[in-house]
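The sequence lines fix the lettering, A, B, ..., with proteins before strands; numbering per chain opens at 1. Computed from a predicted model, the values in this text were never measured in an experiment.
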Protein chains: 2
Amino acid sequence: MRHLTLLQHVVEVARSGSIRKAAERLNITSSALNRRVQDLEEELGTPLFERRARGVSLTTAGEMFVSTAQHHLSEMDRFRSQIEELRGLRRGVVRIACSQALAQDFLATQIAAFQNDRPKVAFELKVTDHETALAALRDYEVDLALVFHAVIGTGIAVTARMPQRLAAIMRADHPLAAQRTVRLAECASYPVALPDRTLGSRQLIDQVASRQELRFQVAAESGSFEMLRGLVMRGNAISFQIEIGAPPRDVHSDVVARQIDDRDLPQADLSLCQLRGRSLSVAAALFIERLAQAMQVARKVP
Amino acid sequence: MRHLTLLQHVVEVARSGSIRKAAERLNITSSALNRRVQDLEEELGTPLFERRARGVSLTTAGEMFVSTAQHHLSEMDRFRSQIEELRGLRRGVVRIACSQALAQDFLATQIAAFQNDRPKVAFELKVTDHETALAALRDYEVDLALVFHAVIGTGIAVTARMPQRLAAIMRADHPLAAQRTVRLAECASYPVALPDRTLGSRQLIDQVASRQELRFQVAAESGSFEMLRGLVMRGNAISFQIEIGAPPRDVHSDVVARQIDDRDLPQADLSLCQLRGRSLSVAAALFIERLAQAMQVARKVP
DNA sequence: TTGAGCGCTGCTTAAAATGCAGCGTTCATC
DNA sequence: GATGAACGCTGCATTTTAAGCAGCGCTCAA
């Protein structure tokens, strides 16, 4: 879209915080970009950026402009998507931000099922902690975010919600593996490998642990679920994961999941989030619809 | 806005139904406009207009584009308005479509009061029948519409509503002027000057008349309230107007208004309408707010 | 059958955006 | 306190883009 470049350029300057950096990203010279910004500011009769020694930052007017521009760019994306739908191409990109726990099993299944119907739809997955995920949603970087136990502000709408319990994961030969459910206090008797503090499951654990005055023997702490699983397998530690990311019995390894006793757990939700007021591409809207449905269904089956 | 011209151009072509006509309105040559359209179509990979012998008409994709474009143009208008507000200029334009009944008294008062606070805000008034008024609202030609007894479809939101009775207006020396209220049947004994069928008040009268099987002595029929008032004054006819457009005693003439008996009247509303999903300029939003308030207050006082 | 009105295109000309090189400034670093 | 990297900005030459002009072929009402 030729007439959208100006908007994209300004948004990029805002993102980069520097005209030169933005120009590099956009593959134009900084002088060209600089003049585009200046022309726009002159036309509007008001500066959009404050010039600082190490770059630029948005003025109030600039923030308003960027917000409008982002919205319009998103609308145009959606328009193009509808055009393609009209032409029967059924293409599209769905961009998702989610926490690690979901990526491996739940989302992979959902995406595969969706692509069965619409093979030309591509997916972009961004795996992060929930704060970054919601920020990406706010910045129009992703179409939807799937977050666990997050504080969701206004501006973001929760399309579906799914209560999630925490599961303890351990090796099949771990003493606690004999039980159907475990209590958190029991886990304290063994070495544990905890998710780090950016992750929702850890925040949940900390909450419970401090209430029950539990002290874990923390063998390790990591932001990576692969790492934690590795520690479980090779170090015989206990780790924790939300149930949707922890199938009761993993066929590919000797790791098992054991539900934690209900009495120990506060309520925590897995939330499917969209940006309020934003219309999505056909592909993204369809996928969200199915995902929401899958979450409802999964909720019914305990 | 330099980068908005393309959108404006396409919208204008859609409005005009012809590239040449649109080009004339836009003060450019038809070849230039033609090529802009073609370039855009090529870029989108889909035609926006169907070429017909006597001009062009929108394709489905074209309709979608125009709708998005209009929305974005309106957003940018709003953005500029907010900029000016930020700079303390407090300027702006409020564009209104309303029926004649309201223009003379009610709206004039409201506008004058508003301009007392914000003298730099200009008003554009479009006086028409209610269908045209709602169409203008839908086409982003006006910011708000004030219509009486209209069928309001989805896509248009009613911000405030005010039940309105009909009043009979007549010369002070008319026999019926002696009464505080009149019945519609009584009016049938005298010559009447009726609003024409485009006007909401006429539709209301027709409704009642047909139910009560009344036959009026129709002395005249007109779409102009000035004309009707003239006939009342000079021909001693009775005419009708909604109460908000008919002050009980007009100091500038010998015309008086007498309320019609409640038993004769079906419910009819004066509605303040906005386009759903559209954000308005600061001035327009403020004016609407006050107008809505005024309508609530007016409703309280019977 | 004719002519007015339409969309479209080749060519020329005017305008706008871009790249290049370089200026003055700020600020972390040594 | 000197230094250099990073930044925004500007004059000028160049390229790219858009606009205007004239004219073609087409359709359809008169």
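As rounded to whole Å, 15 Å separates atom C1' of C:dC8 from atom CZ of B:Phe49. Atom CD of B:Glu43 is separated from atom C1' of D:dT17 by 14 Å (rounded to the nearest Å). If you take CD of A:Glu50 and P of D:dC7, they are 18 Å apart, rounded to a whole angstrom. Atoms CG (A:Leu48) and P (D:dG8) sit 15 Å apart, rounded to a whole Å. Separating the CD atom of A:Glu24 from the C1' atom of D:dC7 is a distance of 13 Å, rounded to the nearest angstrom. Between the P atom of D:dG8 and the CG atom of A:Leu58 lies a distance of 13 Å, rounded to the nearest Å. We find that CG of A:Leu33 is positioned 16 Å from C1' of C:dC20, with the value rounded to whole Å. The distance between atom CG of B:Leu40 and atom P of D:dA18, rounded to the nearest whole Å, is 12 Å.
At a threshold of 4.0 Å, the pair A:Arg90-A:Glu85 counts as salt-bridged, since one of the basic side-chain nitrogens sits closer than that to a carboxylate oxygen.
Between B:Asn34 and C:dG7 there is no side-chain N or O to OP1 or OP2 distance below 4.0 Å. In this model, the phosphate group of C:dG7 is not approached by any side-chain N or O of B:Gln38 to a distance below 4.0 Å at OP1 or OP2. A:Arg36 has no side-chain polar atom (N or O) that falls below the 4.0 Å cut-off from OP1 or OP2 of C:dA17. The phosphate of C:dT18 has neither OP1 nor OP2 within less than 4.0 Å of any side-chain N or O from A:Arg35. At D:dC7, one or more side-chain N or O atoms of A:Ser18 fall inside 4.0 Å of OP1 or OP2 (strictly under the cut-off). An OP1 or OP2 oxygen of D:dA6 is reached within less than 4.0 angstrom by no side-chain nitrogen or oxygen of A:Lys21.
Each of D:dA6, C:dG5, C:dG19 was ranked by its minimum atom distance to the side chain of A:Ser31; first place goes to C:dG19. Each of C:dT18, C:dC8, D:dG8 was ranked by its minimum atom distance to the side chain of A:Thr29; first place goes to C:dT18. When distances run from any side-chain atom of A:Ile19 to the nucleotides D:dG20, D:dG8, C:dC20, the shortest one goes to D:dG8.
Using a distance-only test at 3.5 Å, with no hydrogens or angles considered, a donor-acceptor pair links the side chain of B:Gln203 to the main chain of B:Arg197. With hydrogens and angles ignored, the 3.5 Å screen pairs a side-chain donor or acceptor of A:Glu41 with a backbone N or O of A:Leu48.
Between the side chains of B:Thr159 and B:Gln274, at least one donor-acceptor pair of N or O atoms lies under 3.5 Å.
Of the two residues contacting DNA chain C, namely B:Gly17 and A:His9, the nearest-nucleotide position lying further toward the 5' end is that of B:Gly17. Residue-to-nucleotide proximity on DNA chain D shows that, of B:Arg20 and B:Asp39, the 5′-proximal contact is made by B:Asp39.
Using a 4.0 Å heavy-atom distance criterion, A:Arg54 is classed as a base contact.
Looking at every heavy atom in both residues, B:Ala283 comes nearest to B:Ser81 through N-OG, 4.4 Å.
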